Enquirer: 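Got a structure for you, written out below as structure tokens; questions coming shortly.
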Number of protein chains: 2
Amino acid sequence: MNMSSANVSERAQQPPALAISTVIFALRPDSERTRPTLWLPLVRRTRQPFRDLWALPGGPLSATESLQDAAARNLQETTGLQPSYLEQLYAFGGLDRSPSQRVVSIVYWALVKPDEAALARETENVRWFRADRLDKLAFDHNLIVDYGLWRLRNKVEYGSIAYDLLGDRFTLAQVREVYEAVLGRTLDPANFRRHLRATPDIEATDEYLQGVRHRPPRLYRYTGAAAQRNNGPLSQSG
Amino acid sequence: MNMSSANVSERAQQPPALAISTVIFALRPDSERTRPTLWLPLVRRTRQPFRDLWALPGGPLSATESLQDAAARNLQETTGLQPSYLEQLYAFGGLDRSPSQRVVSIVYWALVKPDEAALARETENVRWFRADRLDKLAFDHNLIVDYGLWRLRNKVEYGSIAYDLLGDRFTLAQVREVYEAVLGRTLDPANFRRHLRATPDIEATDEYLQGVRHRPPRLYRYTGAAAQRNNGPLSQSG
DNA sequence: GCAAAAGTGTTCTCCCTACACCCATGA
DNA sequence: TCATGGGTGTAGGGAGAACACTTTTGC
């Protein structure tokens with residue numbers, strides 16, 4: 001810590017390091033609440049700086065893969081997760097993000113379906129946290145998560161992102177719960193239902209959810225093409 | 001060109017280079033049309049690769065400045081422009097963006113006001129082009145410009161971006177012309193006017209535009225805080 | 001039967017659109 | 001006085017909010 005002034009002149013010489021990180025959101029049942037809430041996996045830092053603090057999964061950019069591929073790979077390596085949605089979030093390049101070296105992080109955000117999230121390995125150094133109950137993370141990662149939540153909220157309001165947080169069969173109430181968890185407010189069930197029925201790409205099946213202590217709700221499928229929902233620049237050059 | 005295979009193995013060794021580029025939009029009167037249209041300044045490449053093709057202004061990231069500062073600086077250096085709006089567009093990191101070296105470009109987009117744009121120096125190697133009439137640019141810069149146009153369209157529909165393309169006094173019809181130029185379609189003058197009058201932050205002055213061959217329109221000012229309209233992550237760490 | 005959530009119907013309001021119409025100026 | 005765009009009024013349609021109501025299950 002007392003070498004900071006030495007670092008400043010030192011850092012001016014070397015080029016900034018380039019890293020890829022990922023904010024991963026999944027819907028998980030909360031033991032305290034009856035509704036599912038948003039969670040994200042974090043990794044514990046085993047080295048300085050910020051040793052023992054929790055941080056977003058990430059790593060350096062390999063020279064032979066695209067940014068998106070790099071994000072998907074280190075997400076796979078650290079958490080074992082395969083995302084159903086993956087998009088660039090933002091490039092963070094402030095001077096004081098890391099105390100030791102200047103680091104420019106290109107951050108992606110991902111959504112994973114519940115069955116995938118259940119398979120995710122949790123170890124001593126990888127754990128899930130509620131997105132709205134994070135304490136101090138390493139680097140500027142609190143800021144990054146908050147921005148990811150902001151983007152998620154914006155996308156869910158006008159887009160078909162919600163189905164990337166659900167399995168292939170779901171009730172309309174489950175879709176509403178996704179919206180409520182993301183937006184942080186309740187929605188009128190009747191109007192929300194009508195809204196969904198009016199949109200295309202949501203197809204009723206002849207199956208019903210069993211084992212509930214009330215009238216069994218019908219199950220639906222999402223038929224929109226997942227690959228075409230990524231509205232960054234075309235997949236090339238990303 | 002015949003050294004491409006040698007480059008591939010060579011490139012796998014060295015880390016990707018990091019560069020900053022900027023897409024700059026301004027409203028300019030078009031000699032052919034009566035309405036102003038969107039233009040952007042480009043620089044002619046004087047070196048390989050893509051020598052003599054036009055490209056976005058840009059350069060390497062200096063080690064001691066933030067990403068946003070770097071974008072503002074090279075925009076100032078190459079075109080002499082000071083933007084009224086500057087925001088990160090996207091990070092482009094595809095493997096084949098540059099034939100020689102792997103380059104990751106963090107691209108910003110900017111809006112400049114007409115008086116600023118008029119001051120911009122045009123030289124042999126810096127020239128303005130109509131945004132909707134670009135021929136083949138260097139690298140993947142056509143893709144980047146198209147994505148910038150897409151973002152501009154999205155922001156103008158729900159946001160107060162239009163005033164960054166106008167001077168400090170403007171008629172409501174001029175605002176409408178900005179929308180029409182950006183969105184590429186005409187809008188109902190009556191309804192658009194009502195819409196603007198209903199929004200806050202647009203204040204009527206007691207001045208009128210003179211020298212028109214019809215009823216002189218009233219001039220308005222925008223009173224919204226320009227600095228608070230940047231809704232990326234907070235200005236730190238950007 | 002009762003609770004609880006699924007699912008339907010209805011009304012009200014607000015916003016957007018289209019379009020008719022007057023106003024003020026230069027030529 | 002005529003052409004042109006500034007500026008106002010107004011009627012119709014569509015989407016969303018609020019909420020009453022019926023249906024179907026488990027207990």
Side-chain angles (χ1 to χ4, degrees), chain A residues 29 33-36 153-154 156-160 162 166-167 169-222, chain B residues 27 29-30 33-36 153-154 156-160 162 166-167 169-222:
Chain A
R33 317 215 311 131
T34 169
R35 308 290 189 189
R153 273 190 287 271
N154 273 51
V156 86
E157 291 194 71
Y158 192 53
S160 29
L166 291 171
R169 299 297 155 99
F170 48 82
T171 69
L172 298 188
Q174 285 170 337
V175 182
R176 179 168 48 84
E177 282 167 2
V178 173
Y179 276 72
E180 291 179 338
V182 169
L183 298 178
R185 67 168 190 269
T186 61
L187 299 168
D188 185 302
N191 294 329
F192 189 83
R193 173 191 183 76
R194 239 187 312 270
H195 182 70
L196 286 188
R197 296 309 315 269
T199 65
D201 298 338
I202 298 179
E203 198 172 73
T205 72
D206 49 4
E207 305 166 50
Y208 293 82
L209 182 63
Q210 302 299 338
V212 286
R213 68 180 179 287
H214 57 272
R215 173 172 174 176
R218 185 185 285 269
L219 291 172
Y220 294 79
R221 327 190 278 120
Y222 182 73
Chain B
L27 219 56
D30 188 339
R33 317 216 308 131
T34 169
R35 307 290 189 190
R153 274 190 288 270
N154 273 48
V156 87
E157 291 195 71
Y158 193 54
S160 29
L166 291 171
R169 300 295 154 100
F170 48 82
T171 69
L172 298 188
Q174 284 171 339
V175 183
R176 178 168 49 85
E177 282 167 2
V178 172
Y179 276 73
E180 291 179 339
V182 169
L183 298 178
R185 67 167 190 269
T186 63
L187 300 168
D188 185 306
N191 296 328
F192 189 83
R193 172 191 184 77
R194 240 188 310 269
H195 182 68
L196 287 188
R197 296 311 314 268
T199 65
D201 298 338
I202 300 178
E203 197 173 75
T205 72
D206 49 3
E207 304 167 50
Y208 292 83
L209 182 65
Q210 302 298 341
V212 286
R213 68 179 179 289
H214 56 274
R215 173 173 173 177
R218 185 184 285 268
L219 291 173
Y220 294 80
R221 321 189 286 121
Y222 182 72

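Letters A, B, ... are given to chains in the order of the sequence lines, protein chains preceding strands, and every chain is numbered from 1. Since the model is a prediction, treat every value here as computed from it, not as a measurement.
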Enquirer: Measuring from atom CZ of B/Arg197 to atom OG1 of B/Thr199, what distance do you get when rounded to the nearest 0.5 angstrom?
Expert: 9.0 Å
Enquirer: Mind running a 4.0 Å heavy-atom check of residues 185-197 of chain B against DNA chain D and sending the residues that fall below it, in number order?
Expert: B/Ala190, B/Arg193, B/Arg194
Enquirer: Give me the atom names and distance for the closest heavy-atom approach of A/Ala181 to A/Pro36.
Expert: CB-O, 3.8 Å
Enquirer: In degrees rounded to 10°, what angle is found between the helical axes fit to the five outermost pairs at each end of the helix from C/dG1-D/dC27 to C/dA27-D/dT1?
Expert: 10°
Enquirer: Any salt bridge (charged side-chain N to carboxylate O under 4.0 Å, His left out) pairs touching residues 173-192 of chain A, not counting sequence neighbours?
Expert: A/Arg35-A/Glu177, A/Arg176-A/Glu180
Enquirer: Sequence neighbours excluded, which residues qualify as salt bridge (Lys or Arg N to Asp or Glu O under 4.0 Å) partners of A/Glu157?
Expert: none
Enquirer: Anything under 4.0 Å to a heavy atom of chain A counts; send over the first and last such nucleotide of DNA chain C, read 5' to 3'.
Expert: C/dA4 to C/dT10
Enquirer: Considering all heavy atoms of both residues, which atom of B/Ala162 and which atom of B/Val175 are nearest to each other, and what is their separation?
Expert: CB-CG1, 4.5 Å
Enquirer: Can you run down the ring pair (Phe, Tyr, Trp, His ring centres under 6.0 Å) pairs that involve residues 184-205 of chain B, sequence neighbours left out, and say none if there aren't any?
Expert: B/Tyr179-B/Phe192
Enquirer: Got B/Val212 and B/Pro217 here, is their nearest side-chain heavy-atom distance under 4.5 Å?
Expert: yes
Enquirer: Quick one: list whatever passes side-chain hydrogen bond (donor to acceptor under 3.5 Å, both in side chains) with A/Asn154, sequence neighbours left out.
Expert: none
Enquirer: Which two nucleotides bound the region of DNA chain D that has atoms under 4.0 Å from heavy atoms of chain B, read 5' to 3'?
Expert: D/dT4 to D/dT10
Enquirer: Could you name each residue pair satisfying salt bridge (charged side-chain N to carboxylate O under 4.0 Å, His left out) that touches residues 211-221 of chain A, not counting sequence neighbours?
Expert: A/Glu203-A/Arg221
Enquirer: List for me each residue that meets ring pair (Phe, Tyr, Trp, His ring centres under 6.0 Å) alongside B/Tyr220, sequence neighbours excluded, and say none if there are none.
Expert: none
Enquirer: Can you list, in residue-number order, the parts of residues 204-213 of chain A that come under 4.0 Å of DNA chain D, counting heavy atoms only?
Expert: A/Val212, A/Arg213
Enquirer: Reading DNA chain D from 5' onward, which residue's closest nucleotide shows up sooner: B/Tyr220 or B/His214?
Expert: B/His214
Enquirer: Measure the spacing between CD1 of B/Ile202 and CG of B/Leu196 and express it to the nearest 0.5 Å.
Expert: 4.5 Å
Enquirer: With sequence neighbours excluded, tell me which residues meet side-chain hydrogen bond (donor to acceptor under 3.5 Å, both in side chains) with A/Arg153.
Expert: none
